[in-house]
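The structure under discussion appears below in the form of structure tokens.
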2 protein chains.
Amino acid sequence: MTSQMKETFGEYIRLLRTEKGLTLTQLAAQLDLDSANLSKIENGKRDFDEKRLDRLAMVFELNPKELHNEYISDRLAKQIYEMNCSTEILKVAEEKAEYRRTLKK
Amino acid sequence: MTSQMKETFGEYIRLLRTEKGLTLTQLAAQLDLDSANLSKIENGKRDFDEKRLDRLAMVFELNPKELHNEYISDRLAKQIYEMNCSTEILKVAEEKAEYRRTLKK
DNA sequence: ATTTGACTTGTCAAAGTTTGACAAATTTAT
DNA sequence: ATAAATTTGTCAAACTTTGACAAGTCAAAT
């Protein structure tokens, strides 16, 4: 794993977009999205829909697998943040996830 | 934190219920729920709704705060399990959650 | 072997949530 | 001052989850 990204996923998209000198409208078109909604995504007011991840990887020539990892870690981070989860509880959650894995094998 | 619970939240409810010798119908009534739905909850086919947590704590005389911790760690565990998250990605998620905390202060 | 009680499963409408689209407002750059 | 870029508000459509009830299995008791 090579991820060093500290931003939210929305901030990351904004970074990629501005680096490439694209406007919201231009990128939105490539992602089959309304520019207003892309704005909300970049500002963390809406979530990026997973179904557009592959398209996003294409546009910015990113490794789809790594981008997916960024995506899911961001979604999890959002949950952790919203639930106001201590590190202690996170550890318990991790153990419980492991337990679920043993169940469904 | 004293949690040592390794079960899913549904399994935990079943444990509490059977220990107390209650039927699905009896407990469901106390939680203002249909016994069929409680059955699904205990079997992991539906989620327990957060709005009934306090009631659940009362019925079994549990510490509401601790029960809430069990609840959120279970929900997070479910996510982690469903997303097929490696420990590595979890660590990244934790850092990203921390980043979100710095943002909203 | 039938009845009874406990539990499980399927279905579906209602309630709740998220998304897409468009209009309008604000900000930024020229 | 104008135009382009971005942000915000709103609302219906799409999607997801929940509650309720009917019908099912299963085991124990009679």
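Order of the sequence lines sets the chain letters (A, B, ...), proteins ahead of strands, with each chain counted from 1.
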Check: Tell me: CD of E50(A) to P of dT19(C), nearest whole Å?
Finding: 11 Å
Hey, what are the protein-to-nucleotides 26-30 of chain D N/O distances that come in under 3.5 Å?
none

Kindly give the atom pairs (protein nitrogen or oxygen, nucleotide nitrogen or oxygen) under 3.5 Å for nucleotides 27-30 of chain C.
none

Item checked: Donor on one side chain, acceptor on other, Y12(B) and E42(B), under 3.5 Å -> no
Next item on the list: Round to the nearest Å and state the distance from L27(A) atom CG to dT6(D) atom C1'.
Entry: 13 Å
Checklist line | Residues forming a salt bridge (charged side-chain N to carboxylate O under 4.0 Å, His left out) with E98(B), sequence neighbours excluded | finding: R101(B)
Notebook entry, point to check: With no hydrogens and no angle check, is any side-chain donor or acceptor of D34(A) less than 3.5 Å from a backbone partner on A36(A)?
Noted result: yes
Next item on the list: Kindly write out the residues that satisfy side chain to side chain contact (heavy atoms under 4.5 Å, CB included) with E82(B), not counting sequence neighbours, or none if the list is empty.
Entry: K78(B)
Checklist line | Parallel, tilted or perpendicular: rings of Y71(B) and F48(B) (30°, 60°) | finding: perpendicular
Checklist line | Interatomic spacing from CG in N84(B) to NE2 in H68(A) - rounded to 0.5 Å | finding: 9.5 Å
Notebook entry, point to check: Reckon R52(B) has a side-chain N or O less than 4.0 Å from the OP1 or OP2 of dT18(D)?
Noted result: no
Item checked: Under 3.5 Å donor-acceptor, E66(A) side chain and N63(A) backbone -> no
Check: Nearest-Å distance, CG (L24(A)) to P (dA5(D))?
Finding: 10 Å
Next item on the list: Would you mind reading off the distance between K51(A) atom NZ and dA14(D) atom C1', rounded to a whole angstrom?
Entry: 9 Å
Item checked: Rounded distance (nearest 0.5 Å) linking atom CG of L90(B) with atom OG of S73(A) -> 9.5 Å
Check: Does anything in residues 30-46 of chain A reach DNA chain C, meaning a heavy atom under 4.0 Å, and if so which residues?
Finding: D34(A), A36(A), N37(A), K40(A), R46(A)
Note to self: Which residues pass the side chain to side chain contact (heavy atoms under 4.5 Å, CB included) test with S35(B), not counting sequence neighbours?
What the structure shows: L24(B), T25(B), A28(B)
Item checked: Gap between atoms CD and C1', on Q26(B) and dG5(C) respectively (whole Å) -> 11 Å
Notebook entry, point to check: Are the side chain of R17(A) and the backbone N or O of L22(A) linked by a donor-acceptor pair below 3.5 Å?
Noted result: yes
Note to self: If I take atom CZ in residue R14(A) and atom P in nucleotide dT6(D), what distance separates them, rounded to the nearest angstrom?
What the structure shows: 7 Å
Checklist line | Spacing of K40(A) atom NZ and L33(A) atom CG [to the nearest 0.5 Å] | finding: 11.0 Å
